[in-house]
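Hydrogens, waters and symmetry mates play no part in the numbers below; they use all other heavy atoms, side chains included. If you read the sequence from its start, that first residue is 1, and numbering goes on from there.
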Amino acid sequence: MSSVTKAKSEPLADLNPRTTSYEFLGPPGAFLISFGVPFMTYLLYFGCSETSGGCPPSLPSIPDRLVAALSDKTFWVSLWDTEASLMYMGWYAFCVVAWAVLPGDWIEGVTMRTGEKKKYKINAFSTFLLAMGISSGYILRNGPESFTFIYKKWIGFVTASLVMSLVQAFYVYASSFRPGALLALGGNSGNFIYDWYIGRELNPSIGSFDIKSFNELRPGLILWVLVNISMVCEQAVRRGGFANVTDSMWLVLAFQTWYVADGLYNEPAIFTTMDITTDGFGFMLAVGDLCWVPFVYTLQARYLAFNQIELGPLRTAGVLGLNLLGYYIFRDANGEKNDFRNGRNPKNLKYFTTSTGSRLLTSGWWGRSRHPNYFGDLLMALAWSLPTGFETPITYFYVVYFAVLLIHRQRRDDENCEKKYGEDWETYKKLVPYRIIPYVY
């Protein structure tokens with residue numbers, strides 16, 4: 001009997017065991033985060049925008065203004081924008097059609113508990129190029145003011161993306177109860193709030209359309225760049241054309257566009273990440289992919305749209321150098337890992353062999369820390385915020401948030417590895433003692 005046949009013949013209860021441990025402080029934490037993420041997305045706008053009186057507004061005025069807004073029916077009505085919602089739906093539909101129509105190879109993911117391998121269509125980078133071509137042509141034909149609608153309808157787009165996240169979270173939760181669904185090991189606790197948030201089903205799909213990997217790469221990630229372009233257009237209108245756009249804005253656009261393009265071009269690499277192989281798809285990933293990424297990660301560009309900053313040649317060179325260093329570490333570290341996983345070792349890196357036969361790198365970037373790619377990510381995050389200057393700490397929110405996120409991921413990875421490798425993991429930690437930042441943490 002093959003391993004695939006054997007896995008398929010196992011009772012569903014064996015393939016989908018009950019989750020016995022919680023993350024994020026369990027159901028109370030899931031409940032609070034489910035409200036906290038949308039609240040923070042709105043707060044970062046109202047706490048850092050020209051319409052609210054600064055970044056941040058006058059601190060003594062905040063309590064009175066907050067109470068007045070929450071008790072005013074017109075404030076709640078203003079969060080909804082039908083035109084922005086239709087535009088967002090159109091954007092999401094464009095991404096789905098592009099996935100279906102544009103050519104792309106089908107590749108297999110990792111082996112699942114059923115013994116099967118899910119297939120994924122690879123054309124995210126083609127979708128990105130198509131979106132960039134259409135938007136660039138539109139701007140060239142109609143001028144920068146024609147593409148400032150994202151800046152002007154910001155809250156409407158945020159609300160639309162939040163509604164889409166909620167709809168998808170409820171849909172995938174309900175569909176996870178169909179017979180034969182493969183559940184995430186961490187999302188089958190039996191508690192509605194927790195499972196709905198963390199994601200009950202591992203790979204919710206509609207036919208060959210995988211909802212989780214699609215959302216991970218296309219609608220939110222590409223929209224991130226389009227939002228930044230809208231911020232450039234807003235600044236160009238205010239300063240009399242693209243030739244007068246500040247160096248700080250061009251840096252943010254270049255850094256983040258390159259980051260997104262690089263991720264989309266290397267699309268196959270995502271199918272070995274924990275988001276795809278381990279996590280279910282629920283509200284956590286839905287709101288993160290569709291709302292948080294395009295409307296929080298663009299905070300720096302939105303700030304520079306209304307608070308223009310000229311860095312000058314020296315500071316521009318310094319920020320550029322920091323970003324290039326971060327990218328080099330990020331890409332070279334991931335290259336070492338991917339080569340090693342695929343049976344190649346062009347740098348003759350040293351490794352530690354566990355009792356189960358697994359091999360763990362102990363030299364190169366992976367000898368300096370257990371997550372060197374996270375270190376590169378953090379350096380790039382800092383470089384993205386430095387162009388905003390030091391007049392406000394709010395534009396550095398992304399750096400702080402990203403550090404917390406990566407530390408949480410690192411600890412989560414280490415816990416899983418400890419369960420997987422046992423005493424061998426303790427031996428490995430002595431060989432590679434630093435978690436993320438070499439010689440620091």
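The CE atom of Met380 lies 10.5 Å from the CG atom of Leu324; values are rounded to the nearest 0.5 Å. To the nearest 0.5 Å, atom OG of residue Ser248 and atom CG of residue Leu253 are 11.5 Å apart. Rounded to the nearest 0.5 angstrom, Ser369 OG and Tyr441 OH are separated by 11.0 Å.
In this structure, the side chain of Thr298 does not engage the main chain of Val227 through any donor-acceptor pair within 3.5 Å. Side-chain atoms of Thr159 come within 3.5 Å of backbone N or O of Leu79 as a donor-acceptor pair. In this structure a side-chain-to-backbone donor-acceptor pair under 3.5 Å is missing from Thr111 to Lys117. Of the possible polar contacts, one joining the Asn16 side chain to the Leu183 backbone as a donor-acceptor pair under 3.5 Å is found. At distances below 3.5 Å, not a single donor-acceptor pair connects side-chain atoms of Thr257 with backbone N or O atoms of Ala254. Within the 3.5 Å criterion, the main-chain N or O of Ala301 finds no donor-acceptor partner in the side chain of Asn228. The main-chain N or O of Ile122 is never found under 3.5 Å from a side-chain atom of Trp106 such that the two would form a donor-acceptor pair. Between the side chain of Asn266 and the backbone N or O of Ala269 there is no donor-acceptor pair closer than 3.5 Å. Panel note: side chain Ser136, backbone Gly133; no donor-acceptor pair is recorded below 3.5 Å.
Ring centroids of Phe46 and Phe75 are separated by less than 6.0 Å, placing the two rings close together. The aromatic ring centroids of Tyr398 and Trp384 lie less than 6.0 Å from each other. The six-membered or imidazole ring of Phe39 lies away from that of Tyr42, with a centre-to-centre distance of 6.0 Å or more. Aromatic pair Trp91/Tyr88: ring centres not closer than 6.0 Å. The distance between the ring centers of Tyr22 and Tyr194 falls below 6.0 angstrom. Taking the six-membered ring where the residue is Trp, the centroids of Tyr328 and Phe330 are separated by 6.0 Å or more.
For the salt bridge (Lys or Arg N to Asp or Glu O under 4.0 Å) with Glu336, the qualifying choice from Lys347, Arg368, Arg344 is Lys347, the only one to do so. Each of Ile276, Asp289, Leu202 was compared with Phe281 under the side chain to side chain contact (heavy atoms under 4.5 Å, CB included) criterion, and only Asp289 meets it. For the salt bridge (Lys or Arg N to Asp or Glu O under 4.0 Å) test with Glu234, the passing option among Lys152, Arg302, Lys153 is Lys152; the others fail.
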Problem set entry | From CA spacing to verdict: ring-ring contact (aromatic ring centres under 6.0 Å, His included), Phe177, Tyr173 | CA-CA 7 Å; Phe177 289 94; Tyr173 179 80; 5.2 Å; yes
For this session: For the pair Asn188 and Arg200, evaluate side-chain contact (heavy atoms from CB on, under 4.5 Å) and give the outcome as yes or no after the intermediate values.
Result: CA-CA 6 Å; Asn188 188 26; Arg200 191 168 185 269; 3.6 Å; yes
Exercise. Given the rule in the ring-ring contact (aromatic ring centres under 6.0 Å, His included) test, do Phe125 and Tyr265 qualify, once you have shown the distances and angles that lead to the verdict?
Worked result: CA-CA 5 Å; Phe125 188 66; Tyr265 183 79; 5.3 Å; yes
Exercise. Could you go step by step and tell me if Phe340 and Leu349 meet the side-chain contact (heavy atoms from CB on, under 4.5 Å) rule?
Worked result: CA-CA 9 Å; Phe340 198 69; Leu349 300 176; 5.6 Å; no
Problem set entry | Pair Arg411-Arg435, side-chain contact (heavy atoms from CB on, under 4.5 Å): steps then yes or no | CA-CA 9 Å; Arg411 292 188 174 184; Arg435 300 174 178 91; 5.7 Å; no
Problem set entry | Worked verdict on Glu201 versus Arg178 for salt bridge (Lys or Arg N to Asp or Glu O under 4.0 Å) | CA-CA 10 Å; Glu201 187 174 356; Arg178 71 186 187 283; 2.7 Å; yes
Exercise. Run the side-chain contact (heavy atoms from CB on, under 4.5 Å) check on Leu130 and Phe94 step by step: do they pass?
Worked result: CA-CA 10 Å; Leu130 179 60; Phe94 166 83; 3.8 Å; yes
For this session: Carefully, step by step, assess Tyr197 and Asn191 under the rule side-chain hydrogen bond (donor to acceptor under 3.5 Å, both in side chains).
Result: CA-CA 10 Å; Tyr197 168 76; Asn191 181 279; over 6 Å; no
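For the residue pair Asp377 and Tyr259, a side-chain donor N or O sits within less than 3.5 Å of a side-chain acceptor on the partner. The closest side-chain donor-acceptor pair between Tyr327 and Asp262 falls under 3.5 angstrom. Between the side chains of Lys118 and Ser205, at least one donor N or O sits under 3.5 Å from an acceptor N or O. With no hydrogens or angles considered, a side-chain donor-acceptor pair links Tyr45 and Thr51 at under 3.5 Å. Side-chain N/O atoms of Ser189 and Asp195 include a donor and acceptor closer than 3.5 Å. No side-chain donor from either of Gln300 and Thr395 sits under 3.5 Å from a side-chain acceptor of the other.
When the shell of 6.0 Å around CD of Glu108 is examined, it contains more than 12 heavy atoms from other residues, nucleotides or ligands. Within 6.0 Å of the CD atom in Glu423, the count of heavy atoms belonging to other residues, nucleotides or ligands does not exceed 12.
Between Glu267 and Lys121 no salt bridge is recorded (no basic side-chain N to carboxylate O distance below 4.0 Å). The pair Lys429-Glu418 does not meet the salt-bridge criterion, since no charged nitrogen lies less than 4.0 angstrom from a carboxylate oxygen.
Below 30°, between 30° and 60°, or above 60°: for Phe283 and Trp196 the angle between ring planes is below 30°, a parallel geometry. Between Phe147 and Phe149, the two ring planes are perpendicular [angle over 60°; tilted spans 30° to 60°]. Between Phe170 and Phe192, the two ring planes are parallel [angle under 30°; tilted spans 30° to 60°].
For the pair Lys337 and Trp366, the NZ or CZ position fails the cation-pi test of under 6.0 Å to the six-membered ring centre and within 45 degrees of the ring normal.
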